Every structure is written in C-alpha cells, then in structure tokens.
There are 2 protein chains.
Amino acid sequence: MGKQPQVLDCALKEGAYDGSDLRTLLAFQIYQLSSKLAAQGRAVLARHGSINLPQWRIIRVLGMGVDNASNEVRIAAGIDKGQFSRTLETLIDAGLVRTEPLASDRRTFAIHLTAEGRALHDEIAPDLQARHNHLLKGLSPAQVRTLFIVLEKLSESAADLEFLDAARSNR
Amino acid sequence: MGKQPQVLDCALKEGAYDGSDLRTLLAFQIYQLSSKLAAQGRAVLARHGSINLPQWRIIRVLGMGVDNASNEVRIAAGIDKGQFSRTLETLIDAGLVRTEPLASDRRTFAIHLTAEGRALHDEIAPDLQARHNHLLKGLSPAQVRTLFIVLEKLSESAADLEFLDAARSNR
DNA sequence: AAATGATTGTTGACTTGTCCACGAGTCTAC
DNA sequence: GTAGACTCGTGGACAAGTCAACAATCATTT
C-alpha cells in the first residue's frame, strides 16, 4: 500500500485544488467514487439474491418512511421518471411493493412495501449499514460533518449553469 | 430558495451521520451528486458540439499529459475496458486522437491528441474550469482541503468488501 | 525452452441511465 | 365554465455503463 498515498501529497499545496491535477478535478473524482460505490453496492446486494441498485434505492426510500406518494418517492430516490416507472414495475412483479390509487390526485398513486419487501429491506440494511460505517471509519467526526455539509452545497451548485453566462460576460 | 436549507438542519446533530436519514446515506448522496454533475457536464459540453462525457474524460486525461500508454489512460479516466475501446474508436473516427503501436509491449499502444483534439480541449477546458470554480466558490479553503482528503480515503474504502466478513464474524 | 499465469484490448450481450413524446389529470387565469 | 399551462406516469428510443469470453502478448515458473 506504499504506492497509494493516504493523503494528497505535498505537490498539492494548500490552495492548489484548482483542477490543474486530475486528483483535484472535483467532478471527475466524484464520478469515479460514485462508480466504485456502485460496484461495491452491487457486490453487497449480490449476496442477497437478484435485486439490483435501482430497485434497492426505491426500497430504501420506502423503508425509511420518507413518503409514499409516487412522485415524492421518485424524487427522493433521485431516479428518472421513465426508469422509475420500469423499475417499480419489476418490484411489483417481484411482490416487493404494492401500489394504490391516491384520491387526492388521480395522476399519482401511493407505494408501500409488502411484508416480503419489508423483510428484504430488513435483511439487506445491516450489510449496507456496515458498509456505511466502513466508509466513515477512517474519518474524524469533524471530517464527516464537513463532508455532508459540503455535499449539500455541491448538490446545489451542480443544479445551475449560471457560471457559463458569467464566464461569457467576463470576456 | 428558502425551502432549501443551506446546511443540514439541527435535526441532524453532530454525530448523527449514521445513515438513519436519507441525507446522511453517503453512497446515496454521492450517487445523486454524481448524476447532477453529469447532467451539468453534459449541458456544458452541449455548447461545444456533439462530444459526450466519456469522450471528454479521455480527452481531459490526454490534455493533462498524465500518460499516453493506452492502459494508463484508461485507468486514469476510470473507464471500463470495453467502453474505453469503443469510445476511443469514436474519438479516432472524429479525428480527435491518433494511436501508435508501442514497441515495448505489443498489446498496448500510445494515444495522442491530434491538433484538432488539442484545440477542442483548449476550447472546452475554460468552461469546465468555470464550473469547477463555481462548485468550490461556496466552500472555505479548509472545507475544500478536507473534501479532497476525504474523497481519497473514501475511494480506498470503496474498493473492498472486508466489512461484510467482519459483520458476519461478529454475529 | 516450454508451460502456466496474468495482462491488455476487442467484441458481444446485457443492464442501467437519459431524453422525449404523449395522454390523463390538475391548477390557474380569465 | 373554459382555455392554457403545467404536472405526472408510461413507453419508445437511444446512450452509457457493466460483465464476460476470447485472442494475442508478456511475465513468471519449472
């Protein structure tokens, strides 16, 4: 492991996070981390049968009781409308969720975990909790707190393109 | 924007980053951020013609002069072997890169940006630099430094499954 | 020198993600 | 009450990503 420095080496001095090195290209690094986490997540799920990541993301949202209205669940899961529709269909076919119409808005419906879906959620969640703990164990409490604050800010900055217009008008 | 708190609210007290709330599920948050950054990146690239994100990732690695050997470029770009092969083919067809055999290892080859590829890189890079700066502008220098240190640690933790065995043996 | 194991790139097959059109339904303005 | 704008879900089409088999090549072991 001597070949893999634990922290960015001193060639990257404080302030030198300007993207001039691949390791400081934020979008690049987030993409690579996301891919690795997805592969790790798939390996965990593979030990619990054939459920896939999109399906788990929906089960997780339902299991946490965030909301049951279809559009709210989809938004919380962060999934495209078309993909959500198709993935939900596979969960219904597998008997893991059931839906019921919403009287308040006939375009939408409520989604609930079935007993089987709840059981699968409760079976898988501990392993993903262990993964979560594993990811955080090398970080100090202050680093963890900063990380989540920063992720929230980045999520907002990632939602707009105003920087392009600013760049264009500064020429 | 009042509906979108700038920082995690006080329901998430220090230490409460255990994944019990969707906002503290690290893999989930990284996945959502990565998707948003990809969409933002596609919007930026769309202003420069028809190049796509996988192609840009390769051009960026070549433009930064990290390496030219095919496998090293692929690893640096973080792309699957099959996808890399296909994406490289589209870059060659578009006249943006050229390859030449490597005498030292006849399995591999060197990849170079053509003049046209270099010009495209130089045209696009400022907009993505502006995006990078936009992402970091709401963060303090200390937060930025912590972020990159943490991303590196997470990248390592994301590469193994030892936590599963540890969890199983603790039962 | 030959056998064996590992690496690298291509290709096929499939999964997952994105984009869009459309229809049904809701909301708002008049 | 109606028209127009907008939302929500489905399905089609395509792009992007993953997985694996195979062949050629290199490295290691015998």
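Numbered from 1 within each chain, the chains take letters A, B, ... in sequence-line order. Any value given below was found using the heavy atoms of this structure, including those in side chains, with hydrogens, waters and symmetry copies removed. These figures come from a predicted structure and were not determined experimentally.
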Out of [options], which has the shortest distance to the side chain of [X]?
X     : options                : answer
A:N52 : C:dC19, C:dT16, D:dT10 : C:dT16
B:N71 : D:dA16, C:dT18, C:dT8  : C:dT8
B:S35 : C:dT10, C:dT18, C:dT16 : C:dT18

Fill in the blank from the handout: Rounded to whole Å, the CZ-C1' distance (B:F84 to D:dC19) equals 18 Å
Exercise for the section: Look only at the side chain of A:Q143 and the backbone of A:S140, and say whether a donor-acceptor pair between them is shorter than 3.5 Å. Expected result: yes
Problem - Side chain A:T90, main chain A:T87, donor-acceptor under 3.5 Å - result: yes
Practice task
Please confirm whether any donor atom in the side chain of B:R86 sits under 3.5 Å from an acceptor in the base of C:dG12, or the reverse.
Solution key: yes
Handout entry: Within-4.5 Å side-chain heavy-atom neighbours: A:L96 and A:L113
Key = no
Practice task
Could you tell me whether the side chain of B:R98 reaches within less than 4.5 Å of the side chain of B:I92, counting heavy atoms only?
Solution key: no
Short heteroatom pairs, N/O only, protein and nucleotides 26-28 of chain C, under 3.5 Å:
from   : atom 1 : to     : atom 2 : distance (Å)
C:dT26 : OP1    : A:R106 : N      : 3.0

Problem - Below 4.0 Å: OP1/OP2 of C:dG17 and any side-chain N or O of A:R57 - result: yes
Handout entry: Residue mapping more 5' on DNA chain C - nearest nucleotide basis, A:L53 or A:G82
Key = A:L53
Practice task
Check every strand shown and say whether A:R42 touches a base, only sugar-phosphate, or nothing at a heavy-atom separation below 4.0 Å.
Solution key: sugar-phosphate
Problem - Hphob cluster co-occupancy, B:L136 + A:I30, side-chain heavy atoms under 4.5 angstrom - result: yes
Problem - Upstream residue (5' side of DNA chain D) when A:D80 and B:K81 are each assigned their closest nucleotide - result: A:D80
Handout entry: Pair B:Q32, A:S155: side-chain N/O donor-acceptor within cut-off below 3.5 Å
Key = no
